[in-house]
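Take a look at the structure below.
What you are looking at is a predicted structure, and each value in this text was computed from that prediction instead of being measured. Just so we're on the same page: letters track the sequence lines, and every chain starts at 1.
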Number of protein chains: 2
Amino acid sequence: MNENSAADKPDLGQIFRLFNEIGIVAQLSGAAFEKVMPGTMTLPQFTVLNHLVRLGDGRTPLEIARALQVSKGAMTNTLGHLERSGWIAVRPDDHDGRSKRVDLTDSGRAIHGKAIATVMGEMAWIGDIVQAHSVEQVLPVLETIRKALDARRS
Amino acid sequence: MNENSAADKPDLGQIFRLFNEIGIVAQLSGAAFEKVMPGTMTLPQFTVLNHLVRLGDGRTPLEIARALQVSKGAMTNTLGHLERSGWIAVRPDDHDGRSKRVDLTDSGRAIHGKAIATVMGEMAWIGDIVQAHSVEQVLPVLETIRKALDARRS
DNA sequence: ACTATATAGTTTGATGTCGAACTACATGTC
DNA sequence: GACATGTAGTTCGACATCAAACTATATAGT
């Protein structure tokens, strides 16, 4: 499904450059994010908070880890930091003794609101540099690649 | 220069999704890279070797760090690993007592050749998933963003 | 019910990143 | 030439990532 005609296959150098560019942009934007975030909040921590705010809390660590494409160990680490900061509360799952549930605290919702406002504000200048139709062309390509990489991992 | 007309500015949500997608693809592709690389070689280590092979060795650590957009400390760390693996040799700079020069060893060139062959081979399947004209649309957008992020840092 | 297997989460060790403090050397100013 | 400032590289501490080993619990097969 969705096989490419041979005539329009990108050459390997182009693909290499693509991943190279993606890696550098990810690194630079991550660093820029953390510079404007409130207090000690990091990008992974913000990403977890944002996930819980947008899709609802009460999820298990493993669900969050899978949604954000990180390992279980990485999630244990990030949730520990968030809990120590008082932004989330972790409780045992009533129906499964192995599992846990993650809830946002009021403090967590508040800091998320502050963070998202700051991030959106700092992101606005990108709108002066890339056009909407460029973003709309780029996003589906990246989604395709992400899904393929994700599928390939399994 | 290159200012956008207001009519074609992407909304903040789109920009947010863009960076989100870039971050996830970077993470997944980095993990996939390291899984196929020979021995203990990591992606940052490969990136340094690749830089030296393509643009010539004998460069200073700071030049390499700037070219690859990482901090001096990160470069010290990566060069240390490469040197312990015998893939590079570091010598003092004759004309500047503070500085050093980084050369590839024969072993380093050999492992790079092996690594690039493996990586290219493992990357070929992407060509079945994205079309060349998509890549050619995406690359300039990413380059624009990278340059802007880089400029903004200074 | 017992046993084997699968799943949820934690821990560990190696690697990476950053920024800031620190050392050593270079250069420009007076 | 001495001193102030700048630059190259290292070190440190905090955070992140992964994979693999480990614990505890759940479920499935017999």
Any N/O pairs under 3.5 Å between the protein and nucleotides 16-18 of chain C? List them or say none.
unit_1, atom_1, unit_2, atom_2, d
C/dG16, OP1, B/Thr42, OG1, 2.7
C/dG16, OP1, B/Gln45, NE2, 2.8
C/dG16, OP2, B/His81, NE2, 3.1
C/dT17, OP2, B/Thr78, OG1, 3.4
C/dT17, O3', A/Gln27, NE2, 3.0
C/dC18, OP1, A/Gln27, NE2, 3.0
C/dC18, OP2, B/Ser71, N, 2.7
C/dC18, OP2, B/Ser71, OG, 2.7

Report each atom pair, protein N/O against N/O of nucleotides 4-7 of chain C, whose distance is under 3.5 angstrom.
unit_1, atom_1, unit_2, atom_2, d
C/dT7, O4', A/Arg98, NH1, 3.4
C/dT7, O2, A/Arg98, NH1, 3.0

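Rounded to a whole Å, the CG atom of B/Leu79 is 15 Å from the P atom of D/dA8. Atom-to-atom, CE of B/Met37 to C1' of D/dC18 comes out at 15 Å; the value is rounded to the nearest Å. Distance A/Arg91 CZ to C/dG9 P: 12 Å, rounded to the nearest Å. B/Ile64 has its CD1 atom 13 Å from the P atom of D/dA8, to the nearest Å. Regarding A/Met41, its CE atom lies at a distance of 11 Å from the P atom of D/dA16, rounded to whole Å.
Residues B/Thr105 and B/Gly86 come closest through the heavy atom pair OG1-O, 2.7 Å. The two residues A/Gly108 and A/Leu49 have their closest heavy-atom pair at O-CD1, 4.2 Å. Residue B/Val138 comes nearest to A/Leu18 through the heavy atom pair CG1-CD1, 3.6 Å, listed as atom of the first residue, atom of the second, then distance. Nearest heavy-atom pair across B/Val141 and A/Ser134 is CG2-CB, 3.8 Å.
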Q: Go through the steps for B/Asp93 and B/Arg101 under the test salt bridge (charged side-chain N to carboxylate O under 4.0 Å, His left out), then give the verdict.
A: CA-CA 6 Å; B/Asp93 184 322; B/Arg101 295 288 166 170; 2.9 Å; yes

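Taking the six-membered ring for Trp and thresholds of 30 and 60 degrees, B/His112 and B/Phe46 have nearly parallel ring planes, at less than 30 degrees apart. In this structure, A/Phe33 and B/Phe19 have perpendicular ring planes: the angle between them is above 60°, well past the 30° mark.
For B/Arg54, the CZ atom counts as loosely surrounded, since its 6.0 Å shell holds 12 or fewer non-hydrogen atoms of other residues, nucleotides or ligands.
Nucleic acid contact class of A/Thr40 (heavy atoms, under 4.0 Å, all strands): none. When heavy atoms are screened at a 4.0 angstrom cut-off, A/Thr76 is found touching base atoms of the nucleic acid.
Position along DNA chain D of the nearest nucleotide to A/Gly97 versus A/Arg84 favours A/Arg84 as the more 5'-ward residue.
Neither OP1 nor OP2 of D/dT7 sits under 4.0 Å from any side-chain N or O of B/Ser99.
Between A/Asp150 and A/Arg66 no salt bridge is recorded (no basic side-chain N to carboxylate O distance below 4.0 Å).
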